[in-house]
Every structure is written in structure tokens, then in C-alpha cells.
Amino acid sequence: PVMTNCLLLSPRFPELSYWSFREPCELLGARYPAAPLGLVTAAALLPPDWTIRLLDLNVQEMDPAQLDWADIVMAGGMIPQQRSLLALIDLCHAHGKRIAVGAQDPTSQPDIYAAADYLVLDEGELTIPRFLADLAAGATSGIYRSEEKPDITLSPTPRFDLLELQRYIYTGVQFSRGCPFNCEFCDIIELYGRRPRTKTPQQLLRELECLYRLGYRGHVDFVDDNFIGNKKAVKAFLPELLTWSRQHGFPFLFSTEATINLADDPRLLDMMEAVDFRYVFVGIETPDSRLLIRTQKKVNTRYSVVECVHRLNRRGMVVTAGFILGFDGETRQAADAIAACVE
């Protein structure tokens, strides 16, 4: 078979975005907060005989010679990366290279990326193999979609070896996809569905073992959009993680994202505290319960937000809160109410 040189590109996030964190990076000697987990997951689905290089434009500049080396370029991104990703499509074409794009923003808004040669959309476990089959048959363009959601217990270990791990504040792993809630303002359920699918504990421990063997230590983020979307699976996994961590001398501390009802489950909190979860992002959204009900985030109306945050703090977890300003039906007091809630 013909060896294929594949260049994976992670587009730049704009300087002025939630995702840049420039000052914390400087303090911690890193170039960028998070490693591009989606790309290294996609890389693991590519043929074993390909030569793969990964270039994260958030941590290094691109030398156009790297484009000349590639037989095929692949890139993906979220909404804040849109401008950068569109520029990469043009750059590839200027160098006479074909580019395949995928991930969240192209999946949500494929029309914007019509200039790309291949649109490999939805979840890669199902669409990348079909794209590769067409590529091998000589296809010069194509759109690959899947209504079906993959069984992620079959998802391969990401190619963490392609990353320069020391350039990031943290690296990520994914335990689950999907969320049982139905918040109007969120696209997670559009992308990944309402039924959370989880990896097996053994599968996730293989990923952590891989990071450990590469010499990585420190902060690992569970990138799940709602870590407790399937509580039963999480409670089965955390004791296994504790055993593994003990055997390895607790090499990692963890962070994740979860709904506020996490604070209402002492047993789960015990388990998370035991394995060293230190940061949790919680979507508080607004202190206005009327708006929470209107946007289907009813889970937040069942608890005292302040009490929940203090409960998480008492377990050693720093809460990063998400707030939304600009809901339909908001009053003029909305910003002051958010400030008061934060205080």
C-alpha cells in the first residue's frame, strides 16, 4: 500500500476568547490550556501504516513546508476556531492540498465549510472509516454523516504520543458523550444525544496508563459535557480509578464539568474527593428561576446554588461557574442579580 503522510491541524482560538487564558499559561510555563483531544482521537482511527504529524496552531507557528510534506490535511474545530479553520482550507488549496474537516462546528454548520474537500461530520468512529474507504478508492471529495451514535466502548485509545504534552496546562480524557438534560441554549444534545454513552472503566484506565507511560503527570480534565450524565456508570468507574491511582502514587489530579445536582450526592462526592478532583465547571446560568424554567434548565431550580457551591468547596473543589447574559425575557436587573449571586 502507498504510505500516506497525514497532517492534523488544530486551528487557532482567537486571543480574546474564553479559551485563551493567556496569563495563566504564562504563569504556569505553558503555551495553551488544553491539548486537542478530538484530533488525537481521530488520529487513532486512521490507518496504522500512515505517517501522522500533529500541529496545534495554538502552541506553535506553521511552516508552509509542513503542508508540502502532507498527502492529506485534516482539521476540526469549535465555533471560536471558525475563522482560523476557514483560513486553513484556503491555505491548503493554495498549496494544492486536499483537506478534510470535521468536529463540532462543521457538524453543526456544514454549509459554512462547503469549500473543504471532505466533510467528515458527526462522530468519527462511524464516519472516518467511510471517508477512508472512499479516499482509498480515489474519491476527491465527499460528505460523511451518521444519524446513528457509535458505541464508544469500541473507541480506540487516543494518540496522546502525537502531542507535546509539556506545552499544555492540562490534557483531557473523555469518559462519556451525551447529556440527559434538555437545556434550550446547549448544543451538546444536538451533537451527542440525550442518552449518555460511556466507556468502560478498563478502557479509560488504559488511556490514563498511556499518559502515565508517556511521562505525563499533573492535571487531567474529564472533558465530558456532563460527567454525571450517567451517575451509575461514574460510580462504577471511580473506585477502579482510585485503585489505579493508589498503585501509581496518585500521578494525576482531575477536573470536569457537571450539573449542580452533583452537590446533592454525598457518596459520589466522597469518591471524587478520594481520587483528587480539584476543579468542576458548573453551569449556573442565571439566578432567575423563571428563566431557568423557561430554558428547560429546571435542575438548577431544585437546589440552593450557593449552598451547592459551598458544599463542593468543602470537598476541595474549586467551582468555575458558567453564567449566561442575554436570555430572552431577561429583566434589566439580570446583570446585578448575577453579580450578587457571585458575591
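Here the structure is a predicted model, which means the values were calculated and not measured.
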S.K.: Run the numbers on Y32 and I169 for side-chain contact (heavy atoms from CB on, under 4.5 Å), then give the verdict.
M.R.: CA-CA 7 Å; Y32 196 66; I169 295 180; over 6 Å; no

S.K.: Between A236 and E240, which heavy-atom pair has the shortest distance, and what is it?
M.R.: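 Minimum heavy-atom separation between A236 and E240: O-CG, 3.5 Å.
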
S.K.: Report the residues that fulfil side chain to side chain contact (heavy atoms under 4.5 Å, CB included) with C186, sequence neighbours left out, ordered by chain and then residue number.
M.R.: C183, I188

S.K.: Just by distance, no angles: are the side chains of E207 and T157 close enough, under 3.5 Å, to form a donor-acceptor pair?
M.R.: no

S.K.: Hey, does the side chain of T127 reach the backbone of R145 with a donor-acceptor pair shorter than 3.5 angstrom?
M.R.: no

S.K.: H93 versus I89: any side-chain heavy-atom pair under 4.5 Å?
M.R.: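 Counting from C-beta outward, H93 and I89 do come under 4.5 Å.
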
S.K.: Taking all non-hydrogen atoms of both residues into account, name the closest pair between C6 and W50 and its distance.
M.R.: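 Looking at all heavy atoms of both residues, the closest pair is CB-CE3, 3.6 Å.
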
S.K.: Does the K199 side chain pair with the main chain of S155, one donor and one acceptor, at a distance under 3.5 Å?
M.R.: no

S.K.: I'd like to know whether E257 forms a side-chain contact (heavy atoms from CB on, under 4.5 Å) with V280, so could you lay out the CA-CA distance, the side-chain angles of the two residues, the decisive distance to 0.1 Å, and finally the verdict.
M.R.: CA-CA 5 Å; E257 181 169 335; V280 58; 6.0 Å; no

S.K.: Holding to salt bridge (charged side-chain N to carboxylate O under 4.0 Å, His left out), I want the full list of residues that pass it with R314, two or more places apart in sequence or in another chain.
M.R.: E307

S.K.: Honestly curious: do I128 and I152 fall in one hydrophobic cluster under the side-chain, below-4.5 Å linking rule?
M.R.: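 I128 and I152: separate clusters.
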
S.K.: Using modelled atom types and a 3.5 Å cut-off, is there a donor and acceptor pairing between side-chain atoms of N5 and backbone atoms of W69?
M.R.: yes

S.K.: Between L57 and L162, is there a shared hydrophobic cluster once you connect ILVMFWY residues whose side-chain heavy atoms come closer than 4.5 Å?
M.R.: no

S.K.: Strictly below 4.0 Å, N to O, side chains only: are D270 and R315 in salt-bridge contact?
M.R.: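 Salt bridge between D270 and R315, a charged N being under 4.0 Å from a carboxylate O: yes.
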
S.K.: I would like to know whether I189 and F181 meet side-chain contact (heavy atoms from CB on, under 4.5 Å); could you show each step before the answer?
M.R.: CA-CA 8 Å; I189 51 178; F181 295 104; over 6 Å; no

S.K.: Go through the steps to decide whether L253 and Y170 satisfy the test side-chain contact (heavy atoms from CB on, under 4.5 Å), and finish with yes or no.
M.R.: CA-CA 10 Å; L253 64 105; Y170 58 85; over 6 Å; no

S.K.: Mind running side-chain hydrogen bond (donor to acceptor under 3.5 Å, both in side chains) on S176 and N230 for me, showing each step along the way?
M.R.: CA-CA 8 Å; S176 70; N230 181 337; over 6 Å; no

S.K.: Can you see whether T286 engages D288 through a side-chain donor-acceptor pair at a distance of less than 3.5 angstrom?
M.R.: no

S.K.: Just say parallel, tilted or perpendicular for the rings of F227 and F277, cut-offs at 30° and 60°.
M.R.: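 If you compare the ring of F227 with that of F277, the planes turn out tilted.
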
S.K.: Can you find a heavy atom in the side chain of D151 that is under 4.5 Å from one in the side chain of L154?
M.R.: yes

S.K.: Does the separation of the ring centres of F185 and F327 fall below 6.0 angstrom?
M.R.: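 Between F185 and F327, the centre distance is under 6.0 Å.
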
S.K.: Answer with yes or no whether the side chains of T259 and N226 bring together a donor and an acceptor at under 3.5 Å.
M.R.: yes

S.K.: Could you note down all residue pairs passing side chain to side chain donor-acceptor pair (under 3.5 Å) where residues 129-141 supplies at least one of them, sequence neighbours left out?
M.R.: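 Checked against side chain to side chain donor-acceptor pair (under 3.5 Å) - neighbours excluded - the pairs reaching residues 129-141 are D134-Y144.
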
S.K.: Any side chain to side chain donor-acceptor pair (under 3.5 Å) pairs touching residues 325-340, not counting sequence neighbours?
M.R.: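 Those involving residues 325-340 do not exist here.
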
S.K.: Between L39 and L37, is there a side-chain heavy-atom distance shorter than 4.5 Å?
M.R.: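 When only atoms from C-beta onward are counted, L39 and L37 do not touch, as no gap falls below 4.5 Å.
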
S.K.: Tell me whether E343 contacts the main-chain N or O of A340 through its side chain, where contact means a donor paired with an acceptor under 3.5 Å.
M.R.: no

S.K.: Suppose we screen for side chain to side chain contact (heavy atoms under 4.5 Å, CB included). Which residues come up paired with P251, at least two apart in sequence or across chains?
M.R.: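 Side chain to side chain contact (heavy atoms under 4.5 Å, CB included) check on P251 returns Y212, R217, W244, H248.
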
S.K.: Could R167 and E164 be called an ion pair, given the rule that one side-chain N must be under 4.0 Å from one carboxylate O?
M.R.: yes

S.K.: Check whether any side-chain N or O of Q203 sits under 3.5 Å from a backbone N or O of T198 as a donor-acceptor pair, and report yes or no.
M.R.: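 No, because the side chain of Q203 does not come within donor-acceptor range (under 3.5 Å) of the backbone of T198.
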
S.K.: Between D122 (side chain only) and L126 (backbone N and O only), is there a donor and an acceptor less than 3.5 Å apart?
M.R.: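 Absent.
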
S.K.: Is it the case that D221 and S255 place a side-chain donor and acceptor less than 3.5 Å from each other?
M.R.: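 Present: a donor and an acceptor within the cut-off.
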
S.K.: Assigning hydrophobic clusters by single linkage (Ile, Leu, Val, Met, Phe, Trp, Tyr; side-chain heavy-atom cutoff under 4.5 Å), is L7 placed with Y118?
M.R.: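 As far as the 4.5 Å side-chain criterion goes, Y118 and L7 are not connected within one cluster.
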
S.K.: Tell me, do H219 and F254 make a side-chain contact under 4.5 Å, heavy atoms counted?
M.R.: no

S.K.: If you look only at distance, which donor and acceptor atoms sit under 3.5 Å apart when one is on a side chain in residues 77-88 and the other is two or more places apart or in another chain?
M.R.:
from: Q81; atom 1: OE1; to: M78; atom 2: N; distance (Å): 2.8
from: Q81; atom 1: NE2; to: P11; atom 2: O; distance (Å): 2.9
from: Q82; atom 1: NE2; to: D105; atom 2: OD2; distance (Å): 2.8
from: S84; atom 1: OG; to: R12; atom 2: N; distance (Å): 2.9

S.K.: Which atom names give the shortest non-hydrogen contact between G102 and L121, and what distance separates them?
M.R.: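 So the two residues come closest at CA-CD2, 4.4 Å.
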
S.K.: Any heavy-atom pair between the side chains of V319 and Y279 that's under 4.5 Å?
M.R.: no

S.K.: Would you find a donor on one side and an acceptor on the other, under 3.5 Å apart, between the side chain of D63 and the backbone of Q66?
M.R.: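 No, D63 side chain to Q66 backbone: no donor-acceptor pair under 3.5 Å.
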
S.K.: When E285 is tested against each of K298, R294, K297 for salt bridge (charged side-chain N to carboxylate O under 4.0 Å, His left out), which residue passes?
M.R.: K297

S.K.: Which residues satisfy the side-chain hydrogen bond (donor to acceptor under 3.5 Å, both in side chains) test with R194, sequence neighbours excluded?
M.R.: none

S.K.: Is L119 reachable from L191 through a run of I, L, V, M, F, W or Y residues, each pair having side-chain heavy atoms under 4.5 Å apart?
M.R.: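 No, L191 does not connect to L119 through the hydrophobic network.
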
S.K.: Sequence neighbours excluded, which residues qualify as side chain to side chain contact (heavy atoms under 4.5 Å, CB included) partners of K149?
M.R.: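 With neighbours one apart ignored, the set is E123, R197.
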
S.K.: Check R22 with E26, please: is the shortest side-chain N to carboxylate O separation under 4.0 Å?
M.R.: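 So E26 does not pair with R22 through a salt bridge.
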
S.K.: For D276, what residues pass the salt bridge (charged side-chain N to carboxylate O under 4.0 Å, His left out) criterion, not counting sequence neighbours?
M.R.: R278

S.K.: Taking side chain to side chain contact (heavy atoms under 4.5 Å, CB included) as the definition, give me every residue that meets it alongside E184, ordered by chain and number, with sequence neighbours left out.
M.R.: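 Residues passing side chain to side chain contact (heavy atoms under 4.5 Å, CB included) with E184: T295.
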
S.K.: Under the side-chain hydrogen bond (donor to acceptor under 3.5 Å, both in side chains) rule, collect the residues that match up with D56, sequence neighbours excluded.
M.R.: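 D56 satisfies side-chain hydrogen bond (donor to acceptor under 3.5 Å, both in side chains) with N58, Y168 once adjacent residues are dropped.
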
S.K.: Hey, is the main chain of P239 close enough, under 3.5 Å, to the side chain of T243 for a donor-acceptor pair?
M.R.: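 Yes, T243 side chain to P239 backbone: donor-acceptor pair under 3.5 Å.
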
S.K.: Check whether N300 reaches the backbone of I284 with its side chain - one donor and one acceptor, N or O, closer than 3.5 Å.
M.R.: yes

S.K.: Mind checking whether I52 and L46 have side chains closer than 4.5 Å, heavy atoms only?
M.R.: yes

S.K.: Between P33 and C25, is there a side-chain heavy-atom distance shorter than 4.5 Å?
M.R.: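 Contact flag for C25/P33 side chains = yes.
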
S.K.: To check you understand the geometry: which heavy-atom pair defines the closest contact between R311 and A263, and what is its length?
M.R.: NH1-O, 3.0 Å

S.K.: I'd like to check the side-chain hydrogen bond (donor to acceptor under 3.5 Å, both in side chains) partners of Q174; sequence neighbours left out, ordered by chain and number.
M.R.: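 Here the qualifying residues are R177.
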
S.K.: Donor-acceptor pair, distance only, cut-off 3.5 Å: does the side chain of D265 make one with the backbone of L268?
M.R.: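 Side chain of D265 to backbone of L268: a pair is present.
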
S.K.: Is there a path of hydrophobic side-chain contacts, each under 4.5 Å between heavy atoms, that joins V299 and L292?
M.R.: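 Different hydrophobic clusters.
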
S.K.: Hey, does V101 have a side-chain heavy atom less than 4.5 Å from the side chain of M74?
M.R.: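 No - every pair of side-chain heavy atoms lies 4.5 Å or more apart.
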
